[in-house]
Protein chains: 2
Amino acid sequence: MTTTAAFATIAALLADPARAAMLTALLAGEALTAGELARVAGIGAPAASAHLARLVDGGLVAVQPQGRHRYHRLASAEVAATLEALGGLAEAVAPPPATGRRWPHGEAFRAARLCYDHLAGRLGVALQAGLAGRGWIVPVAGGWATSAAGEAGLAALGVDLAAARGTRRFACDCMDWSERRMHLAGGLGRELAACCLRRHWLVRLPGEREGDPLARRRLRLTPEGARCLGDTLGVLEQAA
Amino acid sequence: MTTTAAFATIAALLADPARAAMLTALLAGEALTAGELARVAGIGAPAASAHLARLVDGGLVAVQPQGRHRYHRLASAEVAATLEALGGLAEAVAPPPATGRRWPHGEAFRAARLCYDHLAGRLGVALQAGLAGRGWIVPVAGGWATSAAGEAGLAALGVDLAAARGTRRFACDCMDWSERRMHLAGGLGRELAACCLRRHWLVRLPGEREGDPLARRRLRLTPEGARCLGDTLGVLEQAA
DNA sequence: GCGCCGCTTCGCCCCCGGCCGAAGGACAGC
DNA sequence: GCTGTCCTTCGGCCGGGGGCGAAGCGGCGC
């Protein structure tokens, strides 16, 4: 009873188009100011303020004041995972909009993207499979742990394992709606993504349109990234 | 844009307490009549009818008329998976209600339960791990396939593999909110659960209270079930 | 100190949607 | 065919919540 009530409360926070647009924008993993989010949602500043207050109060969004700006981000990777799940269901249930591509951002989006703070899409799934296939990560209760070989290999790639361990969950699964498989989340997933971006193995694709909430989530594998990740983890990618 | 709109539309369907109660009840995997769902939600027949019409129209619930009754069930296992994800987030975000047990149904619910049509909880996760650990199932693109040994072993257990193949997805992962690990879904997951119930290795726990929507999801492992599943798949379970 | 800018609060309007009672349609059993 | 049951549709009421403009508050820069 109380359970289904909490359930509905969370859903109500996601049910408003303006809030949904804000959350979708925050899925890119970057912290945005209230003004930016108001523009993304297409509403005025007062309305945005009220929406954000409710999201923060509901525990979905965290806020950190900085000077005269207030930066908002998703409260946790769990929130991101749930949003991804809902997006996948929306895609599966909604009448595919006539045109062949079922998601407006299509192929590039399915190939490689950010899921809040870690990698998703075909690339994310392939990375997870590569890590498990080489025995760099091994399943343990509640998630994954690194093997000795994995420690060495990941460190050689430049992944900050110390930072990865400083998180509540070191490595766990996150559902990938487009591939219907798991990809790696948790501290390790975050640091792996950070490493790939830092070394320019992956670059963010620029958004074509201003205000495109999904724009900053798309990633492109660079030739160097394909070589390095392919050599070490067997990730083959024919992404554009 | 159109994406976030669809997203919000689905969330709006889940945002009403009455609809949430109905969907939660349907998570047990059984088809219920409109009248039963009205009672579960604590509303009158007209209101329930309107809610169900919206759920059906939104693609979350399927209906099959039978005589003068109309039986409702979740439209797909994907819907069930999303509901589970939302429930997990609600549990994580909501202030744990003072008492130690975070979900009202506590231990038994975490130990073994139905996730729509397949097994979840510690038992579901352990089953998935056991199947993968023995090489009965092997990862393939988009999910899992059975090995030769797995075919023989599952058939020996009494799992109807032909029926399992008759589904859109043979075997795929489903997120388990309580364990934060994957358990087995898809046709194979469904037939495995059906087999366990048919052979009385698992039995449904009776609901203590009338109208308890989660009641029929709780499962108990019988001594015979512990023996058979433990022998063949190494599933150790200390569930009550 | 003054003005600018980002954000919030307040007051107000309006509309969406949830609920019920009553009436209407459909199906099974006698 | 009549009656009872299950479910839906219709009409009407009401509350919650989203939107904006105006005003208030606080940090920053000239």
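Lettering follows sequence order; numbering is per chain, from 1.
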Nucleotide of C/dC20, D/dC6, D/dG19 approaching B/Ile43 most closely (side-chain heavy atoms): C/dC20
In whole angstroms, the gap separating P of C/dT8 from CG of A/Leu55 amounts to 12 Å
Below the 4.0 Å mark, does D/dG27 have OP1 or OP2 next to a side-chain nitrogen or oxygen of A/Arg70? no
Picking from D/dC20, C/dG18, C/dT8, which would you name as closest to the side chain of A/Ala47? D/dC20
Salt bridge B/Arg165-B/Glu191, side-chain N to carboxylate O under 4.0 Å: no
Indicate whether OP1 or OP2 belonging to D/dG4 is found under 4.0 Å from a side-chain N or O atom of B/Arg68. no
Assuming nearest nucleotide by heavy-atom distance, tell me which of A/Pro46 and A/Asp16 is located more 5' along DNA chain D. A/Asp16
Could you state the atom-to-atom distance from NE2 of B/His69 to C1' of D/dT5 in whole Å? 8 Å
For the backbone of A/Leu86 and the side chain of B/Thr82, can you confirm whether one donor and one acceptor N or O come within less than 3.5 Å of each other? no
Would you confirm whether B/Tyr71, through its side chain, and B/Pro65, through its main-chain N or O, come within 3.5 Å as a donor-acceptor pair? no
Spacing of A/Leu37 atom CG relative to C/dG6 atom P, expressed in whole Å: 14 Å
Between P of D/dT8 and CG of B/Asp57, the distance in whole Å: 14 Å
Would you call B/Glu36-B/Arg70 a salt bridge at under 4.0 Å N-O? no
For atom CZ of A/Arg39 and atom P of C/dC5, their distance in whole Å: 14 Å
Atom-to-atom span, CG of A/Leu52 to P of D/dG19 - whole angstrom: 12 Å
With sugar-phosphate meaning primed atoms plus P, OP1 and OP2, does A/Ala45 contact a base, only sugar-phosphate, or nothing at under 4.0 Å between heavy atoms? base
Under 4.0 Å between a side-chain N or O of B/His51 and OP1 or OP2 of C/dG17? no
A/Gly67 or A/Ala12, whichever maps to the more 5' nucleotide of DNA chain D: A/Ala12
To the nearest Å, how far apart are A/Gln66 CD and C/dC7 C1'? 15 Å
Nearest-Å distance, CZ (A/Arg54) to P (C/dT9)? 14 Å
Closest non-hydrogen atoms of A/Gln128 and A/His183, given as atom of the first, atom of the second and distance, are OE1-C, 3.7 Å
